[in-house]
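If you're wondering where the values come from, they're calculated on a predicted model, not measured in any experiment. A note on names: the letters A, B, ... follow the listed sequences, proteins ahead of strands, and every chain is numbered from 1.
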2 protein chains.
Amino acid sequence: MSDDARAWQLVLRSVEADLLSGALSPGDHLPGERALAAELGVGRSSVREALRVLEVLGLVRTATGSGPSSGAIIVSTPRGGMSALLRLQVAASGFDVSDIVDTRLVLETAVAATLAEALADSSDDVDTVALSESDALLNAMDDPALTPAEFLALDARFHLSLAEAAGNQVIVATMAGLRDSIEGYAVAGVPTLSSWSDTAARLAKEHRGILDAIRAGDGAAARSAVHGHIAGYYAEIGLGSAPTPANPAPAPAPAPAPTEGPIA
Amino acid sequence: MSDDARAWQLVLRSVEADLLSGALSPGDHLPGERALAAELGVGRSSVREALRVLEVLGLVRTATGSGPSSGAIIVSTPRGGMSALLRLQVAASGFDVSDIVDTRLVLETAVAATLAEALADSSDDVDTVALSESDALLNAMDDPALTPAEFLALDARFHLSLAEAAGNQVIVATMAGLRDSIEGYAVAGVPTLSSWSDTAARLAKEHRGILDAIRAGDGAAARSAVHGHIAGYYAEIGLGSAPTPANPAPAPAPAPAPTEGPIA
DNA sequence: GCTACGCTGTGGTCTGACCACAGTGGTCTG
DNA sequence: CAGACCACTGTGGTCAGACCACAGCGTAGC
């Protein structure tokens, strides 16, 4: 009966069931591939195909050798899987870059507003502490010796630090994946800028504006600052969302070729 | 040098590179597994592990037999991959159900607001037509003979139809995945309701309220209606987000308008 | 007591084999 | 000649067995 399911799906379902039943938890070791194969009555290659899927999805980490750190261990690193999924879908034309950017806008404006409102409600120590990482990243970004790629990497981490402070892991992972999936485009667009140092300075200023609005507890201002920041950069490198309704798009975008193969 | 990468990752990267270079597009056939293995200098099992990943991620569809419909074909069905990723992460405790619900709130309120504002700007025929599916689903949900599971399935499709009308495929796929990942919880919570028929009637009424607000071009009302609808149901079945989340204020707060995530 | 070596078990990979399946094209039959 | 039928071929799906590299553990040797 269950034979109509493919062998590797059987393995996948078995692991999922063990996860749901509590038989497996993060940190636990999966049985060895050979043992799992025998236990489920499938070949080792089928087990491996399922493990590969789990690995890409960020559910297990595998290591060779022996000892406690070897084997397949249940972990929970959704960011990697989210990045891979979004990146490949973009590559396969399943997702438009403009849709990715728009989704970032939705999520990040919500994060900023939430953070601002949370701070406005009560001066919560936790949030304040959480934002200290954002401050540190901001300071690191002031270094004029940074290359554009380095700056943009810190930029991404800054945005992520806000999401982490907001506390929603799903949004953190999604934002990370969205950003990673178009990182190539963000970096590729740098040469089209008239002056990178000017742009970097503007971005840094906008970051501080975002943080100020959040700390001031002004949700609307935070939302607006984030929107302008993200939409502004992508518009500047010629990747702004086409229709863009209410968007204070700053600089005119002279960028010609929006479609350039990012990094593989 | 590239030997440190695992064989299946090499295959994955090769396919991704072909996708980005345009050598592969949706609808194209991948070379056969044996040919791909020979071409890349790896074993067939490694090719299969990579294909398995691509399949789960919704990038390829495989079929046995011969002829034009057989083999591995590039497709673009991100929803399946998103569902699998989110569902398994929930199973592995990587994501809290409350974070999933909160993320739905962020995305769906943004969708509703975008839709309303798009209709307010101009009576666009396209959007009107797109919402016809939403209407049809609404009517289908009026059937009192529906089981809770059937009703909830139509409910999910209704929400998805709004996202599709808004036009952002990333949000459509993410919403579908988020919803699927907690479908079990939504259905499992039904028995805890005092009266399913009352709840179903209320949900149907709320759906019409959402659609009315969208058609009226009232973004704030649409946002509020969606928020109340989703948060209300999960609160009713005991899954409400504990510390009330992150999203724009429901009714009162005239959520500042300048910055709303454009979805189109 | 300490070091160093080999043993053992892990995942990683490859090879070759077999199966089920679905078109294809030829053959056989009317 | 037209139609139905069937073996052929190539595809993915699966399995079994064989190595390899690696990392820890235990023991033999110093």
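Counting heavy atoms from C-beta on, the side chains of F151(A) and W196(A) come closer than 4.5 Å. Between M175(B) and H159(B) there is a side-chain heavy-atom pair separated by less than 4.5 Å. Using a 4.5 Å heavy-atom cutoff, the side chains of I74(A) and L19(A) are in contact. A 4.5 Å side-chain heavy-atom check between I237(A) and V190(A) finds every atom pair outside the cut-off. For the pair S161(B) and L137(B), the minimum side-chain heavy-atom distance is below 4.5 Å.
Ion pair R52(B)/E33(B) not flagged as a salt bridge, since none of the NZ, NE, NH1 or NH2 atoms sits closer than 4.0 Å to an Asp/Glu carboxylate oxygen. In this structure, R87(B) pairs ionically with E16(A), as a charged nitrogen and a carboxylate oxygen lie closer than 4.0 Å.
With hydrogens and angles ignored, no donor-acceptor pair under 3.5 angstrom links the side chain of R34(A) to the base of dG17(D). Residue R44(B) places no side-chain atom within donor-acceptor reach of the base of dT13(C), judged by atom type and a 3.5 Å distance cut-off alone.
Proximity of S69(B) to the phosphate of dG23(C): a side-chain N or O atom is located under 4.0 Å from OP1 or OP2.
Among the heavy atoms of the strands lying under 4.0 Å from G67(A) are primed sugar atoms or P, OP1, OP2 only; no base atom is included. A63(A) comes within 4.0 angstrom of the backbone, heavy atoms only, and of no base. Residue contacts for G65(B): at a heavy-atom cut-off of 4.0 Å it reaches a base atom on one of the strands shown.
We find that CZ of R6(B) is positioned 17 Å from P of dT10(C), with the value rounded to whole Å. The NE2 atom of H29(B) sits 16 Å away from the P atom of dG10(D) (whole-angstrom rounding). One atom, CG of L40(A), and another, P of dA16(D), lie 13 Å apart when rounded to the nearest Å.
For the segment residues 45-56 of chain B, residues with any heavy atom less than 4.0 angstrom from an atom of DNA chain C are, sorted by number, S45(B), S46(B).
Nearest nucleotide to the side chain of A7(B), out of dG11(C), dC14(C), dT14(D): dC14(C). Closest approach to the W8(A) side chain among dG12(D), dT14(D), dG10(D) is made by dT14(D) (side chain taken as heavy atoms from C-beta onward). Considering only side-chain atoms of S66(A), the nucleotide from dA23(D), dG12(C), dG12(D) that sits closest is dA23(D).
Of the two residues contacting DNA chain D, namely P68(A) and G41(A), the nearest-nucleotide position lying further toward the 5' end is that of G41(A).
Between the N168(A) side chain and the I171(A) main chain, a donor and an acceptor come within less than 3.5 Å of each other. Of the possible polar contacts, one joining the T174(B) side chain to the V170(B) backbone as a donor-acceptor pair under 3.5 Å is found.
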**Q.** Pairing annotation in dot-bracket form, given for DNA chain C with Watson-Crick or G-U pairs under 3.5 Å and | for cross-strand partners
**A.** ||||||||||||||||||||||||||||||

